[in-house]
*Asks:* 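Please read through the structure below; I'll follow up with questions.
Quick note: residue numbers are just sequence positions, from 1. All values reported here derive from a predicted model rather than from experimental measurement. Side chains are part of it too, since the values below use all heavy atoms of this structure and drop only hydrogens, waters and symmetry mates.
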Amino acid sequence: MITTRRAFLTLAAGSGLMALAGCAALSAQGETKALSTPTMTPTPQVTAASVAVGSLCGGTTVSLTGQVLTDVVSVAVGANPATSVTVVDDNTVSFVTPAAVDYQPANAAITLTKADGSVVDSTKQFSYEAVTPVDKQLQYAFTYWQNYNLADWGIFSDNDCGNFVNQTLVARGWAQNDDWYSDYVSDGDYSLSWIRGTEMDDYLASRSDTTRLELADRAALTVGDVVMFDWDPQNDNGPDHTMVVSRLDTNVDGTIAVKLVGHTVDAQFRDLDTAITVDNPGGTAHFYHLA
């Protein structure tokens, strides 16, 4: 029995060796597949930004310098995409800053998007600051469009739109005068041009630093301009509502969508055309462009 068992183990071991040898032989005779090494696209690197501080309303041209920048297809400043992105060469990309989120001061990271869709942190920041009168106007408007500044200006409960728009004009740098003022919080006094549509319209028209524009002139608008709505022009009773232009969007067909911030219908980006068609069919509007 011992002899037989040894013979069996020897035979089994030999068969295993033969099997392993056979596998090795087949492997040696088969095709050898080379391991492919993925091609890595170099990552854009930014070493400097030409401008680090600019307007809340955007419009600042910035040039980034660095390496491997030809792969950049878009730029974002904070949460908003930049415009006019231009790849000058492998070492330079320029763009124009968008408006700050809600027109508020902030340090916003500059990020780059590559052709493959991946996003790269440039390690640079752009600081939004209120550097122009319009910046200050829009910063005020977006601070108090919903949380009213009751301490300084109070509220006209039936219709606060004129009160709010005129507050933004004071923030822009306009000085109150005998024809246009509000002391409502301190003594209850105010001019009719502060709260009533016809009187406010007349006052805006009387100023040398304003230009009246019609609906067809919307391409000439800028943020901070004032809109005067007339919900029922057939009655010839003057403007019924006022707001401030907060954004101008170019539609696919090339037309311009006007967005508005204001009170009564509290909004940051109320659409002008919806206001005079869906909300108030038959309504119309005109504007005052502010120098």
*Asks:* Taking D273 first and then R218, would you say they form a salt bridge - that is, a charged N and a carboxylate O separated by under 4.0 Å?
*Replies:* yes
*Asks:* So that I know where these two stand, are Y103 and Y140 an aromatic pair - ring centroids less than 6.0 Å apart?
*Replies:*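 No, they do not, as the ring centres are separated by 6.0 Å or more.
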*Asks:* Report yes if the side chains of I110 and V75 come closer than 4.5 Å at any heavy-atom pair, otherwise no.
*Replies:*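 Counting from C-beta outward, I110 and V75 do come under 4.5 Å.
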*Asks:* Is it the case that Y128 and N107 place a side-chain donor and acceptor less than 3.5 Å from each other?
*Replies:*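 Y128 vs N107: no donor-acceptor pair found between side chains.
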*Asks:* Only pairs at least two apart or in different chains count here, so list each salt bridge (Lys or Arg N to Asp or Glu O under 4.0 Å) that has a residue in residues 223-232.
*Replies:* none
*Asks:* Compute whether any side-chain donor of one residue and acceptor of the other, for N166 and Y181, lie under 3.5 angstrom apart.
*Replies:*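 The answer is no; no qualifying pair exists.
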*Asks:* Atom CG of L248 and atom OG1 of T222: how far apart are they, to the nearest 0.5 Å?
*Replies:*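 Between atom CG of L248 and atom OG1 of T222 there are 7.5 Å.
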*Asks:* Apply ring pair (Phe, Tyr, Trp, His ring centres under 6.0 Å) to F269 and list each qualifying residue two or more places apart in sequence or on a separate chain.
*Replies:* F142
*Asks:* Less than 4.5 Å apart, side chain to side chain, heavy atoms only: is that true for W231 and D279?
*Replies:*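 No - every pair of side-chain heavy atoms lies 4.5 Å or more apart.
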*Asks:* Salt bridge check, D217 against R212: does any charged N sit closer than 4.0 Å to a carboxylate O?
*Replies:* no
*Asks:* What class does the angle between the rings of F156 and Y190 fall in, given that below 30° is parallel, 30 to 60° is tilted and above 60° is perpendicular?
*Replies:* perpendicular
*Asks:* Going by the angle between their ring planes, with limits at 30° and 60°, are W174 and W180 parallel, tilted or perpendicular?
*Replies:* perpendicular
*Asks:* Going by the rule side-chain hydrogen bond (donor to acceptor under 3.5 Å, both in side chains), which residues pair with T123 if we only count those two or more places apart in sequence or in a different chain?
*Replies:*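 None.
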*Asks:* Using the rule side chain to side chain contact (heavy atoms under 4.5 Å, CB included), only one of N280, L260, T264 pairs with H241; which is it?
*Replies:*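 Among the candidates, only T264 passes.
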